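Everything below concerns the one structure shown next.
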Amino acid sequence: MNYDTRYPSIADLKTRAKKRIPNFAFDYIDGGIDQEDGKLRNRRDWHDILLTPRYLKDVSHADLTTSIFGREYSMPFGVPPVGLGNMMWPGAEKALATAAQRNNIPYVLSTFSTTDLDEIAAAAPDVCWFQLYVPRDIDVMKDIICRVKSAGFHALVITLDIPVGAKRNRELKNGLKLPFSLTPNIVWQSMIHPVWALHTLKSGQPDFVNVLRYKKNSNQNLAEFVTDFNMCGVTQERVELIRQLWDGPLILKGVQYEADMKAAIETGIDGVVISNHGGRQLDAAPSTVQSLQQLGSYASENMTIMVDSGIRTGLDVVRAKSYGAQMAFSGRSFFWGMGAMGHAGAEQVIGIYHDEIDRSLKQLGCAGFDTMDKTWLA
Ligand SMILES: Cc1cc2nc3c(=O)[nH]c(=O)nc-3n(C[C@H](O)[C@H](O)[C@H](O)COP(=O)(O)O)c2cc1C
């Protein structure tokens, strides 16, 4: 797999994205909550996992494939749900879905995405999953699940970790709200990023196209609508109802607490994503490394453990497997890639992670991702 060696790491893509897109778009991707301690904690704890290399063996080939939910993916890394994706770069969501399909990795479409779900299902027919922010209105929820099923999405991911809207200081200071209001900052930032502005003008302002039809009051702005739309805390009863309505793989995203993990298993959930939303919801939340260390042992034939938040290198994906995670995701990596390189950023990020996972496994003397386990921990 190839990538442009002028930007050989995710950190390089982040630096370039910061120059190429307006600050309100960059801060939306990059920002955490409150003091952003949780975001730093996520990163620090991946960094601290040490693995001992084993030599005296032939490592000319490493097998990166991973099988989850009855399907073999080409590598253990995918695109997680990111709302408002096309704000970072117009057409970003479809470009990512197309690249995910081409490279056979999972693509998870957010409820608050800005591309029609049927369009994404057509672009990524073999690898598309749908992330559900659970609506408080049961009929709306049933309608979305029905649309997702008939579009052909393979897995449904219920996000648990937004019981309340987040207060993100960078977004507030930048005046980011929907519909965009033309504050002096937004106008100025658009003017000094003409390539981004031109593409955005051509494509039109991004909108939450998959849920707009449920808007009851036309005077409501989108921020108010989003707050009104979500359940204030997804209940166990609601998860049980969704389990009855969705017969494909069902995943809970945002699990960090042991009792939640046990409830997931009792409800017949097929997988969890150990996640703290990239440090965007609760600044005191444990890092996902800490949670994975506690919960990774729940991995079984019927329970697939996945993880995100703070993953920035292929080595991190291998580190995650040493604690039992069969698949890892990173939202910021992909959207820094889009900000840095436009649509070419999708293949660039996939190429970087593929290369780094491959080299890490070989350097560790591990013949395949599946065989990486806790015995490599130093
Ligand atoms: C800008 C942004 C928007 C996000 N939107 C959603 C979303 O709509 N639904 C969701 O479940 N998670 C959302 N997430 C969380 C990601 O799915 C993922 O958990 C997070 O990006 C992982 O952390 P990382 O970005 O540090 O890798 C979002 C994350 C970011 C950065």
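Keep in mind that this is a model prediction, so the values were computed, not measured. Both ligands and their constituent atoms are indexed starting at 1 by order of listing.
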Less than 4.0 Å between a side-chain N and a carboxylate O, is that true for E171 and R280? yes
Starting at CE of M306, measure out to CD of Q326 and round the result to the nearest 0.5 Å. 9.5 Å
With sequence neighbours left out, which residue pairs that include part of residues 44-56 fulfil the salt bridge (charged side-chain N to carboxylate O under 4.0 Å, His left out) condition? none
Residue pairs passing the side-chain hydrogen bond (donor to acceptor under 3.5 Å, both in side chains) test with at least one member in residues 70-80, sequence neighbours excluded, are R71-N104, Y73-W129
Is D283 salt-bridged to R41, cutoff N-O under 4.0 Å? no
Less than 3.5 Å apart, N/O on ligand 1 and N/O on the protein: could you list those pairs with the distances?
from, atom 1, to, atom 2, distance (Å)
ligand 1, 5 (N), G83, N, 2.9
ligand 1, 8 (O), G83, N, 3.2
ligand 1, 8 (O), S110, OG, 2.7
ligand 1, 8 (O), Y133, OH, 3.3
ligand 1, 9 (N), Q131, OE1, 3.2
ligand 1, 9 (N), Y133, OH, 2.8
ligand 1, 11 (O), T159, OG1, 2.7
ligand 1, 11 (O), K253, NZ, 3.1
ligand 1, 12 (N), P81, O, 3.4
ligand 1, 12 (N), K253, NZ, 3.0
ligand 1, 12 (N), H277, NE2, 3.3
ligand 1, 14 (N), P81, O, 3.3
ligand 1, 14 (N), H277, NE2, 3.3
ligand 1, 17 (O), P81, O, 2.7
ligand 1, 17 (O), K253, NZ, 3.0
ligand 1, 19 (O), K253, NZ, 3.1
ligand 1, 19 (O), S275, OG, 3.4
ligand 1, 19 (O), D308, OD1, 3.3
ligand 1, 19 (O), D308, OD2, 2.6
ligand 1, 21 (O), G331, N, 3.4
ligand 1, 25 (O), R332, N, 2.9
ligand 1, 25 (O), R332, NH1, 3.4
ligand 1, 26 (O), G310, N, 3.1
ligand 1, 26 (O), R312, NH1, 3.3
ligand 1, 26 (O), R312, NH2, 2.8
ligand 1, 26 (O), R332, NH1, 2.8
ligand 1, 27 (O), R312, NH1, 3.2
ligand 1, 27 (O), S330, OG, 2.9
ligand 1, 27 (O), G331, N, 3.4

Sequence neighbours excluded and cut-off under 3.5 Å, please list the side-chain donor-acceptor pairs for residues 18-26, or say none.
from, atom 1, to, atom 2, distance (Å)
R20, NH1, G339, O, 3.3
R20, NH1, A340, O, 2.7

